[in-house]
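What you see below is based on every heavy atom in this structure, not just the backbone, and it leaves out hydrogens, waters and symmetry mates.
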Amino acid sequence: MGAEVDVVIIGGGLAGLAAARRLHRAGVPWRLVEASDRLGGRVATDVIDGHLIDRGFQVLNTAYPRLGTLLDTDQLNLGYFTSGVLVRKGDNLLRLVNPVREPTGGPGTALAGVGSLLDRLRFAALATGCATLPTSRLLAAPETSTETALRRAGLSDAIIEELLRPFLSGVFIDRELSTSSRVLAMVLRSFARGRIGLPAEGMAALPLAIAAPLPADLLDLDTPVAEVTPGRVRTQAGDIRCRAVVVAVDPPAASALLPTLARVRMHSYTTYYHSAPEPPLTEPILLVDGDRRELVANTVVLSNAAPTYAPAGRHLIATSVVGPTAPPEPTIRAELTRLYGRSTADWTHLTTVAIPEALPAAPPPQGQLRKPVALREGLFVAGDHRDSPSIQGALTSGWRAAGAVLDELRAG
């Protein structure tokens with residue numbers, strides 16, 4: 001390659017693309033190198049038998065603040081989920097929804113048999129506080145684990161074990177609920193303020209929309225990086241000399257390129273995709289297991305929210321399991337028969353997607369969530385391990401890293 005540029009961005013995931021967008025807007029010469037043959041990092045979509053199969057169950061929250069800086073979400077043609085969950089308890093499916101977004105479901109939620117009425121009122125107060133208080137106050141509150149925070153809010157074992165643990169374990173990929181209470185506060189804030197949806201063309205449409213304004217000739221795919229040193233990036237195609245480097249790859253790869261970077265523990269999970277001739281539910285709503293069996297974190301009929309996810313006459317179901325050990329598909333199918341309360345004999349197993357390094361762990365102390373992105377001698381780092389473990393965290397970290405680069409280049 002043998003090139004020279006002001007800034008090299010390593011990694012074409014959400015963080016790297018957000019950094020490129022800010023540098024491009026500022027008019028600073030940059031180049032992005034990506035080891036794989038596509039953009040998006042951990043956000044990807046494949047097509048199997050006409051079904052859109054995301055690389056694990058992922059959704060987009062319209063309340064993420066950084067999204068509005070980078071694209072108009074209307075261009076993604078989002079299909080939305082119901083703002084709530086279904087809970088399987090014995091022979092019953094109990095529906096709990098956000099009464100602000102689903103006013104007609106409020107009475108049913110108040111009477112649902114998950115925890116007590118006092119539990120539901122206390123959780124509503126917790127979520128309302130996260131949605132309305134300034135972020136600075138939420139992040140200044142004493143930090144603890146998610147489970148401890150829920151118990152300190154006065155919530156009983158029943159509502160934690162039957163609703164919140166299965167639901168939040170799917171969000172954090174953390175069944176122990178060891179994730180920082182500050183991450184919990186930001187998640188509850190985004191759920192209360194935004195809507196959850198899927199792009200009509202799959203989650204891969206998100207990184208492609210962010211990358212759309214960038215010149216294609218500055219995006220080098222199939223270009224693995226062998227070494228990073230101040231002022232130089234060594235690739236298989238040659239060296240690139242530069243004034244700054246933004247390392248925006250996943251945490252294990254970042255630690256390999258930047259040995260002084262602290263290693264980040266990663267959570268793993270597996271998503272099973274099935275196709276059915278009839279939907280087991282007609283509503284686009286997440287179903288969790290309130291029977292405390294602790295196998296399936298959640299399951300959902302994706303095509304109820306986004307019909308484009310399945311071909312005509314078929315329906316796509318995604319089921320997620322937290323942890324490094326993936327049960328056999330027949331075991332999951334048996335659980336789905338129980339959860340949905342109907343036979344799954346005519347379902348087709350499309351694929352199982354195991355992601356051993358899906359999301360950074362975020363136990364306390366996380367501090368103010370925003371970790372330093374400037375390292376030393378023109379080296380910078382970005383990714384959701386530098387902010388909250390989420391799409392918002394990845395985009396924000398990339399934006400912050402580019403801002404830090406601009407400050408250093410101007411000062412230099």
Side-chain angles (χ1 to χ4, degrees), residues 1-43 66 70 207 210-211 213-264 357 360 370-387 393-412:
M1 183 178 290
E4 187 169 340
V5 69
D6 276 4
V7 186
V8 175
I9 302 165
I10 303 173
L14 297 180
L17 292 173
R21 284 287 300 275
R22 187 167 187 178
L23 294 173
H24 192 65
R25 182 179 298 183
V28 173
W30 59 274
R31 193 164 203 93
L32 184 149
V33 293
E34 161 60 42
S36 73
D37 60 356
R38 62 170 184 83
L39 298 173
R42 280 175 271 157
V43 180
R66 188 52 58 194
L70 297 165
I210 295 171
L214 300 173
D217 61 348
L218 298 182
L219 305 171
D220 296 324
L221 304 181
D222 292 313
T223 307
V225 171
E227 183 184 23
V228 174
T229 55
R232 189 188 67 179
V233 172
R234 174 164 291 174
T235 76
Q236 293 181 354
D239 289 0
I240 311 174
R241 298 200 172 274
C242 55
R243 299 171 65 191
V245 181
V246 178
V247 176
V249 294
D250 61 76
S255 297
L257 291 174
L258 302 169
T260 60
L261 198 65
R263 292 190 176 274
V264 177
E357 295 170 341
R370 293 189 168 185
K371 301 174 182 64
V373 292
L375 301 180
R376 58 181 177 81
E377 302 178 88
L379 298 179
F380 301 81
V381 63
D384 57 0
H385 56 107
R386 311 311 293 174
D387 277 78
L395 296 175
T396 297
S397 72
W399 193 264
R400 285 200 299 123
V405 169
L406 293 173
D407 289 342
E408 183 164 304
L409 294 182
R410 289 165 184 153

> Run the side-chain contact (heavy atoms from CB on, under 4.5 Å) check on R42 and D384 step by step: do they pass?
Replying inline: CA-CA 11 Å; R42 280 175 271 157; D384 57 0; 2.9 Å; yes
>> Just verifying a value: how many Å separate D220 CG and I10 CD1, rounded to the nearest 0.5 Å?
In response: 12.0 Å
> How would you list, by chain and number, every residue that makes a salt bridge (Lys or Arg N to Asp or Glu O under 4.0 Å) with D222, sequence neighbours excluded?
Replying inline: none
>> Once salt bridge (Lys or Arg N to Asp or Glu O under 4.0 Å) is applied, do any residues pair with R243, and if so which ones, sequence neighbours excluded?
In response: D6
> If every non-hydrogen atom of P207 is compared with every non-hydrogen atom of L14, which pair is closest and at what distance?
Replying inline: CB-CD2, 4.0 Å
> Once you round to the nearest 0.5 Å, how far does CZ of R31 lie from SG of C242?
Replying inline: 12.0 Å
> Which residues satisfy the side-chain contact (heavy atoms from CB on, under 4.5 Å) test with P215, sequence neighbours excluded?
Replying inline: H24, W30, D217, L218
> Taking C-beta and beyond as the side chain, do P372 and R386 meet within less than 4.5 Å on heavy atoms?
Replying inline: yes
>> Give me each pair satisfying salt bridge (charged side-chain N to carboxylate O under 4.0 Å, His left out) with a member in residues 246-262, each pair once, sequence neighbours excluded.
In response: none
> Can you name the side-chain contact (heavy atoms from CB on, under 4.5 Å) partners of L221, sequence neighbours left out?
Replying inline: E34, L39
> Given side chains that start at C-beta, do those of L258 and L379 come closer than 4.5 Å, heavy atoms only?
Replying inline: yes
> Distance-only, no hydrogens or angles: does the T396 side chain make a donor-acceptor pair with backbone N or O of G393 under 3.5 Å?
Replying inline: no
> Once you round to the nearest 0.5 Å, how far does CD1 of I9 lie from CG of L17?
Replying inline: 8.0 Å
> Considering residues at least two apart in sequence or located in another chain, which fulfil the side-chain contact (heavy atoms from CB on, under 4.5 Å) criterion with E227?
Replying inline: T229, R232, R234
>> Tell me whether the count of non-hydrogen atoms from other residues, nucleotides or ligands lying under 6.0 Å of CZ in R241 goes above 12.
In response: no
> Taking only residues two or more places apart in sequence or in another chain, which ones pass salt bridge (Lys or Arg N to Asp or Glu O under 4.0 Å) with E357?
Replying inline: none
>> Under the side chain to side chain contact (heavy atoms under 4.5 Å, CB included) test against T223, which residue among T235, V233, L32 passes?
In response: T235
>> By the side chain to side chain donor-acceptor pair (under 3.5 Å) test, which pairs, at least two apart or in different chains, include something from residues 399-412?
In response: D387-R400
> By side-chain contact (heavy atoms from CB on, under 4.5 Å), which residues pair with A18, not counting sequence neighbours?
Replying inline: L70, L395
> What closest approach, in Å, do A382 and V246 show between heavy atoms, and which atom pair accounts for it?
Replying inline: CB-CG1, 4.2 Å
>> Test: salt bridge (charged side-chain N to carboxylate O under 4.0 Å, His left out). Region: residues 19-29. Which pairs qualify, not counting sequence neighbours?
In response: none
> Is there side-chain contact between V7 and V245, with heavy atoms separated by less than 4.5 Å?
Replying inline: no
> What closest approach, in Å, do P360 and P251 show between heavy atoms, and which atom pair accounts for it?
Replying inline: CG-CG, 4.3 Å
>> Taking the side chain as everything from C-beta on, heavy atoms only, tell me whether V405 gets closer than 4.5 Å to V373.
In response: no
